[in-house]
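Contents: one structure, followed by commentary.
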Amino acid sequence: GVPEGAAKIALAHNPDILLYDPPPYKYRADLWLFGHTHGGQVRIPFREPPFLPTKLRLDRGMFEMPQGKVIVTQGAGRLKPRFFTYPEIVFFKLVPE
């Protein structure tokens, strides 16, 4: 188990696991890190992406969810063409509170 008071970080490919019932991670995490959504692959400026590979519609960035803080990246892959969206690698620094 995780020691009492330890930070809990969960890693997964797609944020839709937060929708599972019962959730695969029944415990709340302090930080959820989710893999690439490609930002929807195609974006039209000033509009929502027409397609996202997630039901939660979390395309990129940081979000506050009931399960904890969530970070979603667009990913760095270049196999598929992108339009008004970009590959990204996210760096962040974890600082104890």
Side-chain angles (χ1 to χ4, degrees):
V2 177
E4 185 68 33
K8 297 174 196 81
I9 299 174
L11 305 168
H13 186 259
N14 190 307
D16 284 351
I17 66 164
L18 298 174
L19 297 173
Y20 290 178
D21 187 27
Y25 306 103
K26 61 183 176 180
Y27 303 106
R28 186 182 188 283
D30 297 298
L31 178 63
W32 294 81
L33 301 173
F34 291 106
H36 57 280
T37 61
H38 302 278
Q41 208 73 33
V42 173
R43 295 184 78 91
I44 299 166
F46 309 109
R47 298 185 147 221
E48 290 285 319
F51 168 77
L52 279 174
T54 168
K55 293 177 185 171
L56 283 174
R57 308 278 306 158
L58 304 177
D59 61 338
R60 62 184 180 200
M62 187 184 309
F63 306 91
E64 291 288 339
M65 302 290 288
Q67 297 90 339
K69 201 170 295 260
V70 169
I71 295 177
V72 179
T73 75
Q74 295 190 118
R78 299 191 130 230
L79 295 177
K80 295 181 180 178
R82 296 178 186 231
F83 184 72
F84 284 111
T85 185
Y86 51 88
E88 71 176 349
I89 297 173
V90 176
F91 293 91
F92 55 93
K93 184 177 181 179
L94 297 175
V95 179
E97 293 182 331

Quick one: side-chain hydrogen bond (donor to acceptor under 3.5 Å, both in side chains) partners of Glu4, sequence neighbours excluded? none
Quick one: pull up CH2 in Trp32 and CD1 in Ile9 and give me the separation to the nearest 0.5 Å. 12.0 Å
Heavy-atom nearest pair, Leu18 first then Leu56, reads CB-CD1, 4.2 Å
Value for NZ (Lys8) from CG (Asp30), rounded to nearest 0.5 Å, stands at 5.5 Å
Does Met62, at its CE atom, have more than 12 non-hydrogen atoms belonging to other residues, nucleotides or ligands within less than 6.0 Å? no
Before you tell me yes or no, could you show the steps for Val90 and Leu33 under side chain to side chain contact (heavy atoms under 4.5 Å, CB included), namely the whole-Å CA-CA distance, both residues' side-chain angles and the distance that decides it to 0.1 Å? CA-CA 10 Å; Val90 176; Leu33 301 173; over 6 Å; no
Could you measure the distance from the CD1 atom of Ile71 to the CZ atom of Phe92? Nearest 0.5 Å is fine. 5.0 Å
